[in-house]
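Positions are given from 1 along the sequence.
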Amino acid sequence: MAGSDDGLGSDARFSSPWGVALIGTGLLYVADTGNHTIRKLVVTASFGDVTTLAGTAGTPGSADGPGTLALFRFPSGMTSDGNTLFLCDTGNHTIRNVTQSGTVTTLAGLAENPGFADETGTAARFNNPAGIGTLGGGSSQFFVADTENHTIRQVTLGGDVTTVAGNPPRAGSADGVGTSSRFSGPAGVAVIGDNVLVADTGNHTIRRITSSETVTTLAGAAGVEGSADGTGSGALFRFPGGIAALGADLYVTDSGNNTVRKVTNGGIVTTIAGSPGATGSADGTGDAARFNNPQGIVALDGDLYVADTGNHTVRKVTTGGVVTTLAGTAGTPGSSNGIGVSARFSSPLGIAVLGGSLYVADTGNNTIRKVLIPSGATSTFAGTAGQPGFTDGSGASARFSSPDGISGVGSTLYVADRGNHALRRISTLATVTTFVGDPGAATTRNGDPDIALLNAPTGITGVEGTIYFTDVNENVVRKILY
């Protein structure tokens with residue numbers, strides 16, 4: 001029976017108690033999570049005498065002080081150095097300490113300010129920390145399971161916080177060099193010369209990465225969504241998804257606006273097809289055309305081809321903005337092979353070119369499809385519709401899980417197999433092998449292919465010898481040399 005009553009044995013009540021810590025041989029302390037309190041339990045041979053040490057039952061908050069003047073928000077993991085309690089105040093994203101008399105102070109983190117920062121005291125940031133432990137023997141260091149940052153943090157008695165294991169998803173919008181830059185849910189990638197261009201979806205911007213790993217914002221304003229043609233930060237996007245290079249220019253599926261945009265090397269943005277905020281499937285020219293959450297985009301022989309995800313179709317777009325449907329029927333998902341409108345797709349996301357044909361990551365079907373130009377004749381190249389999994393093999397025997405980005409490099413297709421946290425390779429004979437990644441380990445770890453790990457790879461592109469891709473859950477852009 002849940003409750004908050006103090007008392008002896010079965011007369012006491014708790015609400016979803018989580019962490020416990022022992023001081024001496026007879027004092028047990030409990031993080032009474034649902035009550036937002038710390039309870040003290042004097043253990044005897046036959047019963048426990050329960051009292052509330054700190055916090056007020058049913059009153060979440062964050063306040064330092066003695067006894068009931070202190071406030072917690074869903075305290076969880078707890079440990080002790082033999083004298084003082086140290087606990088994860090999970091809902092406040094902080095580490096607190098509690099004396100045996102019930103006086104509470106905040107050791108590290110800032111209440112109601114989740115994030116990630118290795119700093120001291122209130123300058124440090126955690127995100128839903130839940131577990132805490134010590135090396136024992138009067139150690140002055142504690143280790144925290146920083147749950148939503150996917151890391152293990154070390155905290156000293158002075159409040160110094162460092163990361164000892166794991167790689168947090170550090171979202172942001174900062175320009176900079178290498179790891180000092182920040183992205184937010186980056187999706188599509190493309191290469192022009194020595195530069196990598198990125199559709200930074202969550203920031204509503206287009207970013208450029210030079211060969212020296214310097215990141216700048218080419219177009220759009222971070223954190224400002226909209227639809228406006230213009231130059232640099234004067235242009236606005238809404239969740240740009242796919243990106244493709246055609247000559248010196250970029251073409252972007254502005255997914256949230258249901259449009260296709262052009263971005264020059266100087267950051268000048270124009271809309272070539274679709275009407276912002278107008279959803280549909282109409283063929284036509286310029287703003288008379290309609291899309292429904294377009295995602296992947298690729299260039300071939302001076303034209304553009306788009307995976308129109310919400311319409312379950314593949315569309316052709318000329319640089320003059322003339323839009324036609326190449327394969328699939330809008331509003332009719334499925335997995336059928338066929339020519340043009342008789343073919344069926346299910347939420348296709350990625351699209352690539354290899355050997356003059358289109359290859360589509362048919363995400364909802366967990367397959368890779370081949371589409372001939374100009375007929376639109378569609379066949380299943382690898383995988384089997386309706387059978388997700390993780391299996392290398394030939395053609396229909398291979399298995400994928402929500403394949404997303406796809407790119408043709410040399411004579412090989414590379415697939416961002418997002419649900420499997422892996423990159424897959426497909427030969428021209430439809431033989432599928434795993435390039436890197438492990439479906440059972442979703443994190444970012446650099447290294448040789450046999451030890452590297454990925455976390456929801458999404459966009460992918462490359463040139464001979466180098467593959468670039470985005471790990472969307474980790475907010476990073478990565479490369480593989482081969």
[atom1]/[X]: more than 12 non-hydrogen atoms of other groups inside 6.0 Å:
X: Asp194; atom1: CG; value: no
X: Glu148; atom1: CD; value: yes
X: Phe74; atom1: CZ; value: no

Hey, what do you get for CD1 (Ile426) to CD1 (Ile406), rounding to the nearest 0.5 Å?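 Going from the CD1 atom of Ile426 to the CD1 atom of Ile406 covers 5.5 Å.
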
Please round to the nearest 0.5 Å and tell me the distance separating atom OG1 of Thr259 and atom CD1 of Ile272.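 If we round to the nearest 0.5 Å, Thr259:OG1 and Ile272:CD1 are 9.5 Å apart.
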
Examine distances only and state if a side-chain atom of [X] and a backbone atom of [Y] form a donor-acceptor pair shorter than 3.5 Å.
X: Asn455; Y: Glu474; result: no
X: Arg153; Y: Val164; result: no
X: Asn365; Y: Gly334; result: yes
X: Asp254; Y: Ser227; result: no
X: Thr264; Y: Asp249; result: no
X: Thr384; Y: Ala396; result: yes
X: Thr470; Y: Gly459; result: yes
X: Thr253; Y: Gly242; result: yes
X: Asn366; Y: Pro403; result: no
X: Asn258; Y: Asn293; result: yes

Do the side-chain N and O atoms of [X] and [Y] include a donor-acceptor pair separated by under 3.5 angstrom?
X: Thr217; Y: Arg207; value: yes
X: Arg290; Y: Ser281; value: no
X: Asp471; Y: Thr444; value: yes
X: Arg208; Y: Asn195; value: no
X: Arg399; Y: Asn420; value: no
X: Ser76; Y: Thr90; value: yes
X: Thr412; Y: Arg425; value: no
X: Arg418; Y: Asn473; value: no
X: Ser335; Y: Asp362; value: no

Minimum heavy-atom separation for [X] and [Y], please, with both atom names.
X: Val198; Y: Pro186; answer: CG1-CB, 3.8 Å
X: Ala219; Y: Val263; answer: CB-CG1, 4.3 Å
X: Ala31; Y: Pro75; answer: CB-O, 3.9 Å
X: Val360; Y: Val314; answer: CG2-CG2, 4.0 Å
X: His421; Y: Leu454; answer: CB-O, 3.4 Å
X: Ile192; Y: Ala245; answer: CG1-CB, 3.5 Å

Walk me through whether Val269 and Thr231 qualify under side-chain contact (heavy atoms from CB on, under 4.5 Å). CA-CA 6 Å; Val269 179; Thr231 302; over 6 Å; no

Look at Arg125 together with Asp118 and state whether they make a salt bridge at an N to O cut-off of under 4.0 Å.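 Answer for the salt bridge query: no.
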
Between Arg182 and Asp175, does at least one N-O distance fall below 4.0 Å, as a salt bridge requires?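 Looking at Arg182 and Asp175, the cut-off is not met.
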
Quick one: does NZ or CZ of Arg315 land under 6.0 Å from the six-membered ring centre of Tyr305, within 45 degrees of the ring axis?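 Checked: cation-pi criterion not met.
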
Geometric cation-pi criterion, Arg478 with Tyr468: 6.0 Å, 45°: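 Not satisfied by the 6.0 Å and 45° rule.
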
Check: Val409 and Val463 side chains under 4.5 Å, non-hydrogen atoms: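 SC-SC contact between Val463 and Val409 ruled out.
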
For residues Val155 and Leu107, determine if any side-chain heavy atom of one lies less than 4.5 Å from a side-chain heavy atom of the other.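 Contact flag for Val155/Leu107 side chains = yes.
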
side-chain contact (heavy atoms from CB on, under 4.5 Å) for Val477 and Ile209? Distances and angles first, verdict last. CA-CA 9 Å; Val477 180; Ile209 308 173; 4.0 Å; yes

Mutual orientation of the aromatic rings belonging to Tyr414 and Tyr482 [parallel < 30°, tilted 30-60°, perpendicular > 60°]: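 Answer is tilted, since the angle falls between 30° and 60°.
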
Side chains of residues 343-352: which donor-acceptor partners sit under 3.5 Å, not counting sequence neighbours?
{"from": "Arg344", "atom 1": "NH1", "to": "Thr329", "atom 2": "OG1", "distance (Å)": "3.2"}
{"from": "Arg344", "atom 1": "NH1", "to": "Val341", "atom 2": "O", "distance (Å)": "2.5"}

Mind checking side chain to side chain contact (heavy atoms under 4.5 Å, CB included) for Leu236 and listing every partner two or more places apart, or none if nothing turns up?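 Leu236 satisfies side chain to side chain contact (heavy atoms under 4.5 Å, CB included) with Ala221, Val224, Ala228 once adjacent residues are dropped.
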
Could you please spell out the steps behind the side-chain contact (heavy atoms from CB on, under 4.5 Å) verdict for Thr147 and Asn127? CA-CA 7 Å; Thr147 306; Asn127 194 348; over 6 Å; no

Let me see the working for Arg261 and Asp229 under salt bridge (charged side-chain N to carboxylate O under 4.0 Å, His left out), right down to the final yes or no. CA-CA 9 Å; Arg261 317 281 294 276; Asp229 290 343; 3.0 Å; yes

In sequence, state the C-alpha distance, the side-chain angles, and the governing distance for Leu250 and Ile206, and then conclude on side-chain contact (heavy atoms from CB on, under 4.5 Å). CA-CA 10 Å; Leu250 290 170; Ile206 307 301; 4.1 Å; yes

